[in-house]
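As structure tokens, the structure follows; a few thoughts come after it.
All of these numbers come straight from a predicted model, not from anything done at the bench.
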Amino acid sequence: MPETNKNDNFFTRVYEVCRLIPEGRVTSYGAIAKHLGAARSARMVGWAMNNSHKQEIFVPAHRVVNRNGLLTGKHHFGETTLMEQLLNSEGIEVENNQIQNFKEIFWDPGVELL
DNA sequence: ACCATGACGTTTC
DNA sequence: CGAAACGCCATGG
């Protein structure tokens, strides 16, 4: 359980960017990591998502997928269909854990947010 | 301090 | 084109 102030800032950054993701849009761990200046720490972003469930503020982790647009972390949502349902609820088409039109709905924090 | 793991990404075979 | 290996970096044991 990371309780360090400095590291907590990094995690907070990830959560903050995730919440900035508009509905119907998705992004990748690497994009967030790169935006935070830790392009090589894409795994850490995923780790942060793992801790996101313990955050008081809800984090739309379902809008964050890997570079392939594949719902790799769906089993972390409890029910495997939950993540897909959430994305589908926002108008995102998902098939076989793969986001359709991923390139079109992709939201890059380093471009859109900049 | 060392080894193992992971919601990733890129390169190589 | 698909699968495997390697690299990166933080957290846990």
Side-chain angles (χ1 to χ4, degrees):
Chain A
M1 307 51 139
E3 294 296 337
T4 3
N5 305 358
K6 293 182 289 188
N7 288 355
D8 203 31
N9 189 352
F10 176 80
F11 277 57
T12 304
R13 281 283 193 177
V14 179
Y15 307 138
E16 192 174 330
V17 176
C18 286
R19 293 192 223 108
L20 289 173
I21 303 175
E23 291 186 11
R25 292 294 198 96
V26 289
T27 189
S28 62
Y29 305 95
I32 298 174
K34 186 178 181 180
H35 178 67
L36 298 177
R40 273 108 167 166
S41 304
R43 297 180 119 135
M44 302 304 95
V45 178
W47 199 259
M49 292 293 104
N50 196 356
N51 275 288
S52 67
H53 78 95
K54 68 192 282 184
Q55 300 303 317
E56 296 184 11
I57 311 177
F58 172 73
V59 180
H62 58 273
R63 294 183 190 150
V64 185
V65 294
N66 65 344
R67 190 60 180 95
N68 293 314
L70 193 67
L71 307 186
T72 50
K74 62 166 191 170
H75 34 268
H76 286 270
F77 279 78
E79 292 191 21
T80 37
T81 51
L82 180 59
M83 187 174 184
E84 185 173 334
Q85 286 177 14
L86 289 169
L87 291 170
N88 223 300
S89 263
E90 298 184 356
I92 301 177
E93 299 178 45
V94 180
E95 186 175 319
N96 194 10
N97 303 331
Q98 170 68 49
I99 296 182
Q100 306 303 307
N101 304 333
F102 173 67
K103 188 179 179 182
E104 296 183 19
I105 65 179
F106 179 73
W107 181 80
D108 190 342
V111 176
E112 308 284 341
L113 193 65
L114 193 62

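Minimum heavy-atom separation, A/R63 to A/P22: CD-O, 3.9 Å. Here the closest non-hydrogen pair linking A/A33 and A/V45 is CB-CG2, 3.6 Å. Summarising the geometry of A/A31 relative to A/P109, their closest heavy-atom pair is O-CG, 3.9 Å, with the distance given to 0.1 Å. In plain terms, the two heavy atoms of A/M83 and A/A61 that are nearest each other are CE-O, 4.0 Å. Residue A/A48 comes nearest to A/F11 through the heavy atom pair CA-CE2, 3.4 Å, listed as atom of the first residue, atom of the second, then distance.
Residues A/K74 and A/E79 are not paired through a salt bridge, judged by the lack of any N-O separation under 4.0 Å between the basic side chain and the carboxylate.
Put simply, the side chain of A/V14 reaches to within 4.5 Å of the side chain of A/L36, judged on heavy atoms. A/V26 places none of its side-chain heavy atoms less than 4.5 Å from the side chain of A/I21. Side-chain contact between A/S28 and A/V65 is absent, with no heavy atoms from C-beta onward closer than 4.5 Å.
For the atom pair A/T72 OG1 and A/N66 CG, the distance stands at 4.5 Å (nearest 0.5 Å). In this structure, CD on A/E104 lies 12.5 Å from CD1 on A/I99, to the nearest 0.5 angstrom.
Annotated stems with DNA chain C as a participant read B:2-6 with C:9-13, B:8-13 with C:2-7, given as range with range, by first number; only runs of 3 or more Watson-Crick or G-U pairs under 3.5 Å qualify.
Residue pairs meeting the ring-ring contact (aromatic ring centres under 6.0 Å, His included) criterion with at least one partner in residues 49-106 of chain A, sequence neighbours excluded, are A/F102-A/F106.
Boundaries of the chain A contact region on DNA chain B are B/dG6 to B/dT10, first to last in 5' to 3' order (nucleotide atom under 4.0 Å from a heavy atom).
Contacts between residues 95-102 of chain A and DNA chain B, counted as heavy-atom distances below 4.0 Å, involve no residue at all. Near-neighbour residues of DNA chain B inside residues 56-82 of chain A, defined by a heavy atom below 4.0 Å, number-ordered: A/A61, A/N66, A/R67, A/T72, A/G73, A/H76, A/F77.
Listed for the A/Q100 side chain is a donor-acceptor partner under 3.5 Å among the backbone atoms of A/Q98. Between the side chain of A/Y29 and the backbone N or O of A/M44 there is no donor-acceptor pair closer than 3.5 Å.
Under a hydrophobic clustering in which Ile, Leu, Val, Met, Phe, Trp and Tyr are joined whenever their side-chain heavy atoms come within less than 4.5 Å, directly or via other members, A/W107 and A/I92 fall into different clusters.
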Could you go over nucleotides 6-8 of chain C and give all protein N or O partners under 3.5 Å, atom names and distances?
unit_1, atom_1, unit_2, atom_2, d
C/dG7, O6, A/R43, NH1, 3.0
C/dG7, N1, A/R43, NH1, 3.1
C/dC8, N3, A/R43, NH1, 2.7
C/dC8, N4, A/R43, NH1, 3.3

